[in-house]
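Working notes, beginning with the structure itself.
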Amino acid sequence: MDGNGRWAKQRDRPRTAGHREGVKSVRAVVEESVRRGVGTLTLFAFSSENWQRPRSEVNILMELFMSALRGEVRRLNDNDVRLRIIGERQAFPEKLQRRIAEAEELTGGNRSLNLQVAANYGGRWDIARAARRLVADVLSGSLDPDAIDEQAVTSRLSFPDLPEPDLFIRTGGEQRLSNFVLWQSAYAELYFTDLLWPDFDAAAYGRALDDYARRQRRFGRTGEQVASRDPMSAYGRG
Ligand code: IPE
Ligand code: MG
């Protein structure tokens, strides 16, 4: 969700005003996801690298996170949205961790949309943690090193129960992944827009989804194989 700071700067306002405005886009995109039947939406709210920002901005982001949890969770629950936070949450203030746990508990049975907010998340952190888990399982004797395949790694990442991302959207004109879910995005379709996150509304999101729907996903096969609908081409990834 990139471009909050620039959105505010364009208006001669502090960067944090952009973060506040960005919450509206979060709301719009979540509601549009429910409306369109998107099964899973992951929002990259705060990366492991964002701690390096000025202390005051980090503090405001934490407060915003708190107040969004306070203000939005009921609405999410009413919309049958299941909220989960992925990332190293131990680094967050304890009060925030408690609120996260409560929100996850409250919405745990909801099914319309899996909403994941990546906070203090990094794709490399996720893979390194999976490696730690693999080693622990090998050392405890429950895993044979020769049995370590892609599935063994995948199952130790942050959200093994969810499908891999089909579409990756980056706002704010940047064309990079910036350590977002790396392993799981191996086959994600990439979509870049110059719109700043606070300007990314339901219509803009709809354009991204429509663009995605027009793409042909081949997963290593030929376009002819995919088009011919032979049994092999039924092999999809979600
Ligand atoms: C994204 O907006 C929000 C967070 C990373 C928390 P930015 O803060 O990156 O906005 P720009 O890129 O400076 O405009
Ligand atoms: Mg940025």
Side-chain angles (χ1 to χ4, degrees), residues 1-33 40-73 76 81 83-97 99-100 103-104 115-126 158-159 165 167-182 184-185 188 190-205 207-208:
M1 301 187 283
D2 209 2
N4 293 347
R6 279 165 284 166
W7 183 92
K9 202 167 172 213
Q10 284 174 356
R11 290 159 179 77
D12 280 323
R13 292 166 68 188
R15 293 178 53 81
T16 48
H19 295 317
R20 278 181 220 290
E21 192 69 19
V23 176
K24 294 183 190 160
S25 295
V26 170
R27 216 174 276 142
V29 166
V30 168
E31 281 168 10
E32 188 67 6
S33 295
T40 300
L41 173 70
T42 304
L43 299 170
F44 202 5
F46 192 87
S47 76
S48 332
E49 291 74 32
N50 285 148
W51 294 110
Q52 297 165 46
R53 291 192 175 196
R55 178 95 221 160
S56 55
E57 183 168 341
V58 170
N59 286 344
I60 293 273
L61 283 168
M62 292 299 144
E63 277 169 32
L64 210 55
F65 204 9
M66 276 295 274
S67 68
L69 278 171
R70 199 167 31 229
E72 305 292 325
V73 167
L76 292 176
V81 176
L83 175 69
R84 277 182 281 188
I85 309 299
I86 58 168
E88 204 169 10
R89 62 179 71 179
Q90 287 77 12
F92 291 125
E94 224 156 85
K95 217 166 119 195
L96 183 52
Q97 290 186 47
R99 187 146 288 160
I100 288 171
E104 288 178 333
L115 172 61
Q116 309 201 92
V117 176
N120 196 20
Y121 179 85
R124 289 176 175 176
W125 164 81
D126 207 356
S158 278
F159 42 99
L167 172 63
F168 169 100
I169 300 173
R170 175 122 193 200
T171 59
E174 250 77 64
Q175 302 198 353
R176 50 178 173 255
L177 302 179
S178 295
N179 205 13
F180 192 50
V181 286
L182 296 176
Q184 302 92 321
S185 294
L190 308 181
Y191 179 88
F192 300 104
T193 168
D194 288 335
L195 283 177
L196 304 175
W197 176 251
D199 293 325
F200 191 78
D201 56 11
Y205 180 47
R207 285 196 295 279

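All heavy atoms count here, side chains included; hydrogens, waters and symmetry mates do not. Every number for a ligand or one of its atoms is a count from 1 in the order of the listing.
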- Message: Looking at E104 and R89, is any side-chain nitrogen of the basic one under 4.0 Å from a carboxylate oxygen of the acidic one?
- Response: yes
- Message: Are there over 12 heavy-atom neighbours, none belonging to E94, within less than 6.0 Å of that residue's CD?
- Response: no
- Message: Tell me the protein heavy atom at minimum distance from atom 1 (C) of ligand 1, and give that distance in Å.
- Response: M1 O, 2.7 Å
- Contact with ligand 1 for H19, non-hydrogen, under 4.0 angstrom: yes
- Task: Among all protein heavy atoms, pick out the one at the shortest distance from atom 9 (O) of ligand 1; state its residue, atom name and that distance to 0.1 Å.
- Result: D2 OD1, 2.8 Å
- Task: Answer yes if the side chains of W125 and N120 hold a donor-acceptor pair under 3.5 Å, and no otherwise.
- Result: no
- Item | Among F180, W197, F168, the one residue meeting ring pair (Phe, Tyr, Trp, His ring centres under 6.0 Å) with F44 | F180
- Task: Work out whether the distance between some heavy atom of K9 and some atom of ligand 1 is less than 4.0 Å.
- Result: no
- Taking C-beta and beyond as the side chain, do L41 and Y205 meet within less than 4.5 Å on heavy atoms? yes
- Which atoms of ligand 1 sit under 4.0 Å from any heavy atom of R6? 11 (P), 12 (O), 14 (O)
- Neighbouring protein N, O or S atoms of the Mg ion (ligand 2) [cut-off: under 2.8 Å, no waters]: D2 OD1
- Query: Numbering the atoms of ligand 1 from 1, which are under 4.0 Å from a heavy atom of R15?
  - Reply: 7 (P), 8 (O), 10 (O), 13 (O)
- Item | Pairwise side-chain contact, R6 with R15, heavy-atom cut-off 4.5 Å (strictly under) | no
- Nearest-contact summary for atom 2 (O) of ligand 1 - protein heavy atom, Å: N4 N, 3.3 Å
- Counting only heavy atoms, which portion of R53 has something under 4.0 Å from ligand 1: side chain, backbone, both, or neither? side chain
- Message: Looking at ligand 1, is there an atom of it that comes within less than 4.0 Å of some heavy atom belonging to G3?
- Response: yes
- Task: Before giving the answer on side chain to side chain donor-acceptor pair (under 3.5 Å), spell out for S158 and Y121 the whole-Å C-alpha distance, their side-chain angles and the decisive distance to 0.1 Å.
- Result: CA-CA 10 Å; S158 278; Y121 179 85; 5.0 Å; no
- Item | Heavy-atom side-chain proximity of V73 to R99 below 4.5 angstrom | no
- Task: Apply ring-ring contact (aromatic ring centres under 6.0 Å, His included) to W7 and list each qualifying residue two or more places apart in sequence or on a separate chain.
- Result: none
- Counting heavy atoms only, which of S47, A45, S178 is nearest atom 6 (C) of ligand 1? A45
- Query: Salt bridge or not for E32 and R207, using N-O below 4.0 Å?
  - Reply: no
- Task: Inspect the surroundings of CZ in R124 and state if more than 12 heavy atoms from other residues, nucleotides or ligands are less than 6.0 Å away.
- Result: no
- Message: Can you tell me which portion of N50 lies within the under-4.0 Å heavy-atom range of ligand 1? Options are side chain, backbone, both, or neither.
- Response: side chain
- Query: Hey, are the side chains of S25 and M1 touching, using non-hydrogen atoms and a 4.5 Å cut-off?
  - Reply: no
- Note on the structure: When distances are taken from atom 10 (O) of ligand 1, the protein heavy atom at minimum range is G5 N, 2.9 Å
